[in-house]
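These notes are about the structure you will find just below.
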Amino acid sequence: MKIILNNTNKDLVDKVIENGGKRVTECFQCGMCASGCPVASDTDHKIKRTMHQVLLGLDEQILDKKAIWLCTTCFMCLERCPQNAGPTDVVIALRRMSAEKGIIPEAQIEVANNIYHLGHAVTVKKGISLREKVDAPPLTTAGSDKKYIDEIQKIVDSTHAVKLLKIRKEWKPKGDDVIACD
Amino acid sequence: MSKFEPNIIGFVCNWCTYAGADLAGSSRYSYPPNIKLIRLMCSGRVDPAFILETFARGADGVFVGGCHIPTDCHYQQGNFKALKRVTMLKKLISEMGIEPERLEIFWISASEGKRFSEVMTSFTDKIRELGPNPLKV
Amino acid sequence: MAKTQSKKKKQSDEVPRIGVYVCHCGTNIAGSVNIGEVVEFSKNIKNVSVVREHMYLCSEQGQNMIKDDIKKEGVTRVVAACCSPRTHEEIFRKTLNSGNLNKYLYEQVNIRDQCSWPHFKDKDNATNKAKQLVKSGIYRASELEPLQDRKLSVLKSCLVIGGGISGINAALDLARSGYHVYLVERNPSIGGKMAQLDKTFPTNDCSACILAPMMVEVSNTSNIELLTYSEIEYVSGHIGKYHITVRKKQTSVDWEKCNGCGDCSIVCPVKVDNEFNCNMDKRKAVYIQFQQAIPMKAVVDKKKCVKCKLCEKRCQVGAIDISKNEDEFIEFDVGSIIATTGYDLFDPNKKAEYDYDHPNVITSLELERMMCASGPTKGEILRPSDGRKPHTISFIQCVGSRDEKTNDYCSRICCTYSIKHARLLKEKYPDMDIYIHYIDLRCFGKGYEEYYRIAREKGVKFIRGRISQIDSIGDRLEVSGDDDTLGEQISVIADLVVLAVAMESSKGAKKLANLLNISTDKTGFFKEIHPKLKPVSTDSDGIFIAGACQGPKEIPDAVSQGKAAASAASSLMSKGEIEIEPLFAQITEDLCAKCRTCESLCTYKAIKYTDEDKMEVDIALCKGCGVCSAACPSGAIKANHFTNKQVRMQILALTEGIH
Amino acid sequence: MPATDYAFYPGCIIPLRYPDIENSIRETMPLLGANVYDMVGAGCCPPGGAFWSVEEISGLTQSARNITIAESMNKDIMAVCNGCFCYLKNSNHILMSDQEKRERVNTILNKVGRKYQGTVSVYHIVEILHDYIGVEKIQNSTKIKLDGVKAAVHYGCHLLRPSDHLMAENPEKPHKLDALVEALGMESVYYPKKLSCCGAGGGMRGNNPDVTLKILEKKLLNIKYSDPDCIVTACPFCFLQFDLGQKGLRDKGEDFCIPVFYYNQLLGLSMGLPKKRVASISETPRDGFIKRFYGVD
C-alpha cells in the first residue's frame, strides 16, 4: 500500500515525547535496536520501523496494531542505541497512547486486576498452599490482609490507570483461585 | 610441450600509460604477466629502431602506450609523433614478414587502471592466437 | 683495481659495481613474489656486486643500508626493486646524494605495481616477471651516466586563476608573504559560488559577511593585480618563468573612471536573465554583477546591448563608450601558477524524471538565492509558479551524483547543505513539512553530525530511498519514492521540490587543462599527482590546483587547499631558483648533419639552428620528451637518462634467454 | 553503604509460586551476616507490563508505597527479583530527582496515610552477595563444593538494563553472578547471546504463549551450546520462564531437560540446608542433579 506522507499525524512526535519517549527525534535509523531485539524475528514488532513511523506521524500503522505490545521490555535496544533515542521508552509511550484509545491486551488487564484485587500480579490462594508445603513462614505481603489491598485500590483509583486498565470491581481471577482476603 | 606464452614488451610514457599500469596494480586489476614495460618520458621518445630491434630479438608482441589523442600528451604532441611512427612501422614489419597486428599503439590515461588491464589482456590474447614471432626459428 | 683509483675519476668510467635491493614492502610484494628467488637470480647477473633484501626499503634503516654499501662496498649503481618510481624515485635519489653518489645512477624497478599486485593470484609468474624486470633494471643501470641538475631562476610572482574562495585565499596568502599575484577571474567580480550563498554550514553564519571582507582585502592589497572579466588566452614557458597572455574582455566601461554608482543600469532599457540569481530575475545589459561586487564596476553585456547609448549619456563621469568592441590582451611572466577554477552545477534536465521544467522544481542554488535577503525574492520562499509560500517541501538528494548514468562520484556537500536549507526553513517556518529523500547521509565534517541531529530535533523528516519520479497533480507535485524502513512505496504531495544537483567539473576546465598542460581525471576535474600526499600539485612543475576544480569540495576544504597551494607555490619561489631534472636533449656535434629534422619536430622550439652552422638546445626550454632523439637520422641527439644505449639494454634484458 | 540489615522485598512470584526460593533466601543470608526483615504489607512492584505501560503515575505511586514501607523500617531494600529491582530502583531514582512527580505521588499517598521521603536505597540480592558479602565469605560458608559442575548463568534483563539507572553491573560484560556461581565451585560456562532475554517480560508470557516459547527455545538452544549441568539465575520470573517454559516445550515434544536454580537455592544446598525447604518446587526435574552433586534424595 502506498503511503501518502502528507496525510499523517503531525502531532505524533510531540505526543510520544509527552508520554515519555523524550528522545525519539534522535533516531537516525541505524537499526541497532532491531538487530538485538529478541522478538523481531518471530513477531511483527519491528522497533526500527516503529521509530521511523513515529517520526513520520504514521500513528494508524502503530496504534491500531498490537505489535507494540509484543515488546518484552528487555531494554537491549535502549541500552545499545548509539543515539540514546530510547526505543523502549518510545514503545512504552506508544502503549500509553494505545491504551488511551482502549487498545490493550487481555493479559495486561488480568495482571492489573490481580494487583488491584489481590495486591499481587499472581493469584494468592495457590501461593499460600505452596508455602505450607515447604514450611515457609506465614505470608506478610499485601495479599495477606485486606487493609493493604484497600491502600493499593485507593492509589489506583486516584489515577487514570483504573480506567485504562479496565479495572473491574467484580473480578474473578483465572483458575480456581478466589480472592484471598474476601 | 608447454603451451606458447608470448613475450610482449611495451614502451610506455611516464605520465599516462605507466601511471595507468600503476593504478591497475594498486586497484588489483590483473592482466597477463607476459606484459613487460619499458618506461620512457614520452611515447614520442620511442625510436623506430627500438621496436625493430625488439622484434628482431624475438619478442612476440610490441606496443607503445601514450596519452590520449588529441590533447592529453604531457609534451603536447609527442603522442601524434608516436602514432605516425607506429603506423609507418606496421607497414614496414609486414614487409619483413611480421604480422602488423603484433605492433599496436594504445592510449591509456593515468586514471584508466581498469582499461590498462583490459587492453593488456586482449592484446595478449591476440598475440597468443598469432603464435610465436615468425623471425624466431 | 677500481678501488685504488683516484676518486676524481668519473664514476661512469669504472666497471660498474651494482647494488641490487629488493623490498618486501611488508607483504605487498613479499606476499606474491618470492623475494629469495629474485635475490638469488640477481646475484648472477653481470656487474652486480651486492644484493640485499629489506622489509621496508624506503625506511631510514633501508636507506642507510644502501648508503653503507656505497661507502663500504664501493657500490656505484643502485637498483631498487620496489614500488613505482612515480612516487619513490625522488626519495632514493636523495639517498644516493647523501651517500655521495650521483643521484642519476639510480634505477627503480617496479615489482609491486607491475608484479605482486596485478599478478597476486599467480606467485610463480609474478616472481618470474619480477626477475626479468630486475634484470632489465640492472642492464639499464650499467649504462646510467651521472648528470647534474639544471638550475633555473624562479620569478617571485604567481598567477591565480579563479577568484572564488579558494583563489582568494591563495592570492591573499601569497601577497601577504610578499609575492606579486595576478588574480584572473572570468566574471566581472570575484567571490565565486560562495558569493551566491545565503548561509554556510555548520555555523549558519552569513556567507557574504565572512566573504566580503576578504574580497575587499584583495582589492586593497597592492601586490595583487586583479584582472576580472578576463580569461587565460595562452600559456607558454616553464616552471620559474611562465609567460601568460590574458584576454581582458571588453566591458565598454572605463573602470578607471567608473565609480560603481549604478546609474547606467537604471536607464538601460534591456532586461536579461540574471545569472547571479540563477535566472530567477532580470538584470540590465549594463550591470554590476551583485551588491558586494569587487571591483564595484559596471560591465556592458556586449551580446545583449542594443547600443541605444542611454547609459553613455547618463554616466556622469563619462566612463562608458559603447563603441569599444575589442578585447584587450595583457601579457606578463610568473614563476608559478595556481588554478582554482571551481565547479559547475549538474544540469537537472538530464534527469527528466525529476521534471525540472516545472516551475516549482528548483535546484538547491535557486533555493539558496531565494533564501538570501538580497536575492530575487528578498529572502522569502515563494513558489515560482504563483508566488505563494509553500507548505510542504521535498528535498531530493544525489541528483546527478552517485549515478553511473551521470556522475558516479559523491558530490560531498549536498547532504549537509540540504540539511542546512531544511533547518533554516524550519526555523523560519516551524509549520512547514520538510522531507529529505536520501540514499546515504554523508555529514562527515567537524560539527556536521551535530548539525544533522538538530535538524532531526526540529522535525525534518529523513526518508531513505531514491525518488523515482515527480508528477504534477493540480498545482502541486507528487514525489514518488520508496521508504527503505517501512518497506513501502511512499509519496509526498509537495508544493516545492528542491533538487540537490551534483558538482561537476567546470565547462572551461578541459580547455584550461590543455593550456596549462595538466591532466584531468575521468570526471573532468583536475588531477593531483598524489591524492593523499601531493593533493595540490600537478604533473606540470610549478602549477598547482586548489578547491573544487580538483573535485567536489566544501568551503573549509576549498580554503585549506587554497592555502596549501599558496604554501606550495611559496616554497617553490622563495629561493629564487630551483633545481630541475637534467632530462634535456644533447647534440653530439660530430654526428649531426644539420638536417634540422629535430628543429621542426620540437614543440617547445628548444632546438635552433644557429648562425655558426650548429644545432643548439636551449635547456631552459627543453622539457626532455625525447621526440627529437627518436627522430634523429644520425643518432646525434642524446636524450639524457633515456639514451638509446640505456633503452637497448632493457630490450636486450627482456628478450635474452627467454625463448 | 548497606549495613547488615535489609528490608526484604519478596515481590509476587517468590512468595506465591516459589516459596522454597524465599526460604533459601531467608536462611542463607543471615548465615552470611545479612539479616532480612519482612516488608509487611508490600504489594506488587508493579512491573512494566501493566501499570507502567498505561500511565506513569499509577506505577510510580505503587512503587513509592512499597518504598515507604522500607523507609518506616529505616532499612535499604533487598530486591530478589530483577523486575522488582528495576522498577523500584527506577521509581526511587525518578522520585528523588523529579520534584514535580514526587509531589503528585505524595498527594496520592497522603490518602492512604503515607509519604515518600527518599531515605532508602534499592539493592539487588546479587549486588549484596557480591559487593558487600563477598565471594570469599561465600566460599568459606559452603560445606559441599560443586567442583566440575557446569552452570549456564542467566543474568536476566532487568538486573542489567537500563544500566544508567540501575548501575548494578557492567551491562555488556557482567561478572557478578558468574563469580558467585564459581564461589560454589562450579564452572560458569560461555554460551552465545548470554545477555539476551528469556522471553517472559513485558506481558509476553501472558499475551503470547507461542512467542514466549519461541524466544525461550532460542535461548535454550544457545545454552545447550555448552551443554551445562544446570541454569542459574537470580530472577524468579526468568526462573519461572525456564522452569515452566521447559515444561511447555516438553509438552510440544522438545525436551531440553536442563535443571534450573535460583542462586540462593544452590547456595543453601551447598551450605547443607534441607532440600525440601530450599529446593523442592519445580516443573523441570532437578532431583537428579541434587542427588548427583549433593547426594541428597
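From a predicted model like this one, the values you see are computed outputs, not experimental measurements. Atom set for the values below is all heavy atoms of this structure, side chains included, hydrogens, waters and symmetry mates excluded. Residue numbers begin at 1 in each chain, while the letters A, B, ... track the order of the sequences.
Residue contact with chain D, scored on non-hydrogen atoms closer than 4.5 Å, involves the side chain of A:L139 exclusively. Heavy-atom distances place the side chain of D:L109, and not its backbone, under 4.5 Å from chain A. Of the two parts of D:V211, only the side chain, counted from C-beta on, holds a non-hydrogen atom closer than 4.5 Å to a non-hydrogen atom of chain A. In this structure, chain A has a heavy atom under 4.5 Å from the side chain of D:E172, while its backbone stays farther away. For a residue to count as touching a neighbouring chain, one of its non-hydrogen atoms must lie under 4.5 Å from one of that chain's; by this rule A:I68 does not touch chain D. Looking at D:N23, only its side chain comes within 4.5 Å of chain A, counting heavy atoms on both sides. Both the backbone and the side chain of A:I155 come within contact range of chain D, judged by heavy atoms closer than 4.5 Å. Neither the backbone nor the side chain of D:P274 comes within contact range of chain A; no heavy atom of the residue lies under 4.5 Å from a heavy atom of that chain. Neither the backbone nor the side chain of D:C45 comes within less than 4.5 Å of any heavy atom in chain A. Looking at D:K193, there are no atoms closer than 4.5 Å to chain A (heavy atoms on both sides), in backbone or side chain. Residue contact with chain D, scored on non-hydrogen atoms closer than 4.5 Å, involves the backbone and the side chain of A:L70 alike. Looking at D:R114, the atoms closer than 4.5 Å to chain A (heavy atoms on both sides) all sit in the side chain, from C-beta outward. Neither the backbone nor the side chain of A:K66 has a heavy atom closer than 4.5 Å to any heavy atom of chain D. Using a 4.5 Å cut-off between heavy atoms, D:S280 touches chain A through its side chain atoms alone. Contacts between D:R65 and chain A at a heavy-atom distance below 4.5 Å involve the side chain alone, from C-beta outward.
No side-chain donor from either of D:N207 and A:E106 sits under 3.5 Å from a side-chain acceptor of the other. Checked by atom type, the side-chain pair D:R205/D:Q241 shows a donor-acceptor distance below 3.5 Å. A:W69 and A:S98 are linked by a side-chain donor-acceptor pair at a separation below 3.5 angstrom, with hydrogens and angles left out of the test. Residues D:N264 and D:T28 bring a donor and an acceptor atom of their side chains to less than 3.5 Å of each other.
Both tests do not hold together for D:K194 against D:Y155: distance to the six-membered ring centre under 6.0 Å, angle to the ring axis within 45°.
Minimum heavy-atom separation, D:F51 to D:S58: CD2-OG, 3.5 Å. The two atoms that bring D:M204 and D:G199 nearest to each other are CG-O, 3.4 Å, heavy atoms only. Taking all atoms of both residues into account, the shortest heavy-atom contact from D:Y116 to D:I67 is CE1-CG2, 3.7 Å.
In terms of heavy-atom pairs under 4.5 angstrom with chain A, the leader among D:K218, D:R104, D:K219 is D:K218. When each of A:L94, A:D157, A:I152 is scored by its heavy-atom pairs under 4.5 Å with chain D, the top score falls to A:I152.
For the pair D:P10/A:T141, a side-chain contact is recorded, criterion being any heavy-atom separation below 4.5 Å from C-beta on. Put simply, the side chain of A:V24 reaches to within 4.5 Å of the side chain of A:M51, judged on heavy atoms.
Crowding of A:D44 atom CG: a count of heavy atoms from other residues, nucleotides or ligands under 6.0 Å not exceeding 12.
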